[in-house]
Amino acid sequence: MSTFQSDFLNILSSRGYIHQCSDTAGLDALAKDRKITAYIGFDCTAPSLHVGSLVQIMLLHWLQQTGNKPIVLMGGGTTRVGDPSGRDESRKLLSVDDIENNKRGIQQVFARFLQFGSSGNDAAMVDNAEWLTKLNYIDMLRDIGRHFSVNRMLTMDSVKLRLEREHELSFIEFNYMVLQAYDYVELARRYNCNLQMGGSDQWGNIVNGIDLGRRMGTHQLYALTSPLITLASGAKMGKTASGAVWLNADMRSPYEYWQFWRNTEDADVGRFLRLFTTLPLDEVARLEKLGGAEINDAKKILANAATSLLHGAAAADEAAETARKTFEEGASAEGLPTVGVTLGEGLGILAALVQAGLASSNGEARRSIQGGAIRVNDEPVRDDKLVLGEALLKDGSIKLSMGKKKHVLLKPV
RNA sequence: GGGAGAGUGUCCCGAGUGGCAAAGGGGGCGGACUGUAAAUCCGCUGCUUUACGGCUUCGAAGGUUCGAGUCCUUCCUCUCCCA
C-alpha cells in the first residue's frame, strides 16, 4: 500500500510500524521535503532499554535513513514523576541517583542505530531534566496549567483506566501528561521539532502536546504511534523466563540475544523481520513463505540481522556459530555463557546449578535433577549428590545444561 | 470526621469449616511429540546436604487455644458510601 509521497511513510507503512497518525497527508508532505524533526522520549526506569523499545528505536532509525532529523529525548525529568500510562499500579518513585545511572545505561544503545553529530540530519540527544527541573510551580500553573482542562484529562485512557478499575492514581502521576505535553512544546521551540512518535499507549500524551503547542503558539505539530507488539500467542513481547530482554550487552549477552530471536514463534517471523531488521521487503516476503522446518532458516536470518543491528556483525556471527556448535553439533562451544567456579575439593552439583544461575535454590536444583533436566558434559545426571571435580574438565571447562536450551560453561578460577 | 468492605503461597488471579505447606487456575520451568516453533499431553513450582524431620509463609503487632489463614484487640494500606 505505497500511497505516500515520502520514503519515510512508505517504509513505515509497508514494514508495519504505523498504528495512528494525527495527519498523514500533512506529515507526508513534510517528510517528502525531509523537513521532519522528530523525537521519542525514553524514560529512565531501568539501567537498559529492552526489546519493547526496539520498535521506537527503529522508528528513529528509519527517520534518519530517509533524511529527517531524529531527537532522542532522555526522560531524566519525567522519570522523576512516573508515567501512569498502561499501568495498573503506580510504580515506586526512583531516586534521582538511580535515574541518572539508568540514563547513562540507556544512552549507549542509541549509537548503534543512529548517527549523532551536529550537522545536517545528525541525531541529537537531549534530557528533559534540562528544562523540567527548572520549572517554578506558580509560573508553570499560569503558563502551562491554564491550558489543561481537568475534565478532559479525566477522559484520557491513562487516567480513566485507573479510575474505572478503582486503582490509586497519585497527583504526581496525574501531572505526567502535562510535563510530556510541555516537553513537546519545548522541543518544538528549541529544535524546531514537529513530530513526536511513540508506542500506541502514548497517543493521548502526544496529542496533548499538540494541543498545548497550538495554544502556546508553536508551529503545527504531528503525532505518529506504533502498534503494541505482541506475540502471535498473545503474550507481551520481550519477557522471557530470565526476565526482560535487555539491549545492553552486559545485561544480556549477544549470544542470548541471538537465541531470543532464534526462538521466535513461526507466526511472528515475517512481522519481526519487517520490524526488527532492515532486510529488503521482497527478501522478507520470500523468507516468511518458508514452511515447516525450513522456517528455521528464516529465524536464523532474523537472529543474525537483529543481533547485527544491536551488537555488530562480528558479535552476531560469533553468536550464530556458538548456537550452531551447541545445537547442531551438540558440542561444547566457547561462546556459551561462562561462570567461574572454585572446584577445589569438588563442587556439589546442587551448588553448581545455583552458581550457574540454572536454579535459584538447592531445592529447585534437586527437583530439576529428579525431573531429568540436568546434564553434565551432555551426560544426564540422576544423582543429586554428584560432585564435580577436575576430572570432568574438558578443554578447561565443564558444560552444565538444563533442558535443551540452557547451557553454561563452568570454568575453574 | 462517620459508616461498609478488602488485604492469602513476595509473578499474577484466587478458594479456604480452628488441625494447613494451605484447593484451583494463569504464568514459569522440565519431560514427551516436533523443527531450538506452535498446539497437545505428563511432571515440578516456599526454604532446608538429601529427612513419614526441621524451618518460614496468609497486610503488621499482640492475644485466646493443645493447635490460628481461619476467633479477639490494636495498628497499617486500599476501595466504596455519607460529610
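Below, chain A is the first sequence line, B the second, and so on; all start at residue 1. None of the values given here were measured: they were computed from a predicted structure.
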Q: Write down the distance separating the C1' atoms in B:G46 and B:C41, rounded off to the nearest Å.
A: 28 Å
Q. If you measure from the P atom in B:G3 to the same atom in B:C11, how many Å do you get, rounded?
A. 37 Å
Q | Base partner of B:C41, which must satisfy Watson-Crick or wobble distances under 3.5 Å | A | B:G31
Q) In whole Å, what separates the C1' atom of B:C55 from that of B:C20? A) 15 Å
Q.
For A:F116 and A:F110, I'd like to know if the aromatic rings sit close, meaning centre-to-centre distance below 6.0 Å.
A. no
**Q.** Chi class for B:A51: syn within 90° of 0, otherwise anti
**A.** syn
Q.
Measure NE2/A:H407 against C1'/B:G30 and give the value in whole Å, please.
A. 14 Å
**Q.** Nearest-nucleotide 5' precedence on RNA chain B, A:K404 against A:A373
**A.** A:A373
Q. Quick one: A:L287 CG to B:A37 P, roughly how many Å, whole number?
A. 19 Å
Q) So, A:D183 and A:Q180: side-chain donor and acceptor under 3.5 Å apart, yes or no? A) no
Q) How far, in whole Å, is B:A6 from B:C44 if one measures between their P atoms? A) 34 Å
Q.
In whole Å, measure the gap between the P atoms of B:U79 and B:G31 for me.
A. 45 Å
Q: Please lay out, stage by stage, how A:H407 and A:Y255 fare under the test ring-ring contact (aromatic ring centres under 6.0 Å, His included).
A: CA-CA 11 Å; A:H407 308 279; A:Y255 167 73; 8.4 Å; no
Q: Go along nucleotides 49-56 of chain B 5' to 3' and tag each nucleotide: B for a protein heavy atom under 4.0 Å from its base, S when only backbone or sugar atoms are that close, - otherwise.
A: SB------
(Q) Taking only the P atom of each, what is the distance from B:U10 to B:C75 in whole angstrom? (A) 30 Å
Q. When syn is taken as a glycosidic angle within 90 degrees of 0, is B:C20 syn or anti?
A. syn
Going by atom type alone, with no hydrogens or angles, which donor-acceptor pairs under 3.5 Å involve a side-chain atom of residues 137-145 of chain A and a protein atom two or more places apart or on another chain?
none

**Q.** Parallel, tilted or perpendicular, as decided by the 30° and 60° cut-offs, for the rings of A:Y184 and A:Y39
**A.** perpendicular
Q: Using the C1' atoms only, state how far B:G54 lies from B:A21, rounded to an integer number of Å.
A: 13 Å
Q.
Checking A:S361 now: which residues fulfil side chain to side chain contact (heavy atoms under 4.5 Å, CB included) with it, not counting sequence neighbours?
A. A:E364
Q: Provide, to the nearest angstrom, the distance between the CZ atom belonging to A:R367 and the C1' atom belonging to B:C44.
A: 7 Å
Q: Please check the phosphate of B:G30 (OP1 and OP2 only) for any side-chain N or O of A:K406 closer than 4.0 Å.
A: yes
Q: Pick base, sugar-phosphate or nothing for A:I295, based on heavy-atom distances below 4.0 Å to the nucleic acid.
A: base
Q.
In whole Å, I'd like the distance from the CD1 atom of A:I369 to the C1' atom of B:G43.
A. 16 Å
Q: Starting at atom NZ of A:K405, determine the distance to atom C1' of B:G35, rounded to an integer number of angstrom.
A: 10 Å
(Q) Does A:E288 have more than 12 heavy atoms from other residues, nucleotides or ligands lying within 6.0 Å of its CD? (A) yes
Q.
Under 4.0 Å, heavy atoms only, any strand: does A:G292 hit a base, just the sugar-phosphate, or nothing?
A. base
Q: Find which nucleotide of RNA chain B each of A:G372 and A:S360 is nearest to by heavy atoms, and output the residue with the more 5' nucleotide.
A: A:G372
(Q) In this structure, is the centre-to-centre distance between the rings of A:W246 and A:Y257 below 6.0 Å? (A) no
Q. For B:C47, does either OP1 or OP2 sit under 4.0 Å from a side-chain N or O belonging to A:S361?
A. yes
Q) Using a cut-off of 4.0 Å on non-hydrogen atoms, how would the nucleic acid contact of A:A323 be classed: base, sugar-phosphate, or nothing? A) base
Q: Identify whether any heavy atom of A:Q259 sits under 4.0 Å from a base atom; if not, whether one sits that close to sugar-phosphate; answer base, sugar-phosphate or nothing.
A: base
Q: Decide whether A:N208 and A:Y182 meet the rule of one side-chain donor and one side-chain acceptor closer than 3.5 Å.
A: no
**Q.** Whole-Å distance separating the CD atom of A:E265 from the P atom of B:U40
**A.** 12 Å
Q: Provide, to the nearest angstrom, the distance between the CE atom belonging to A:M402 and the C1' atom belonging to B:G28.
A: 10 Å
Q | For B:C47, the Watson-Crick or wobble counterpart (both distances under 3.5 Å) | A | B:G54
Q. Just how far, in rounded Å, is P of B:G30 from CG of A:L353?
A. 13 Å
Q: Using the P atom on both, measure B:A22 against B:G35 and round to a whole Å.
A: 41 Å
Q. Can you tell me the Watson-Crick or wobble partner of B:G7, both distances under 3.5 angstrom?
A. B:C76
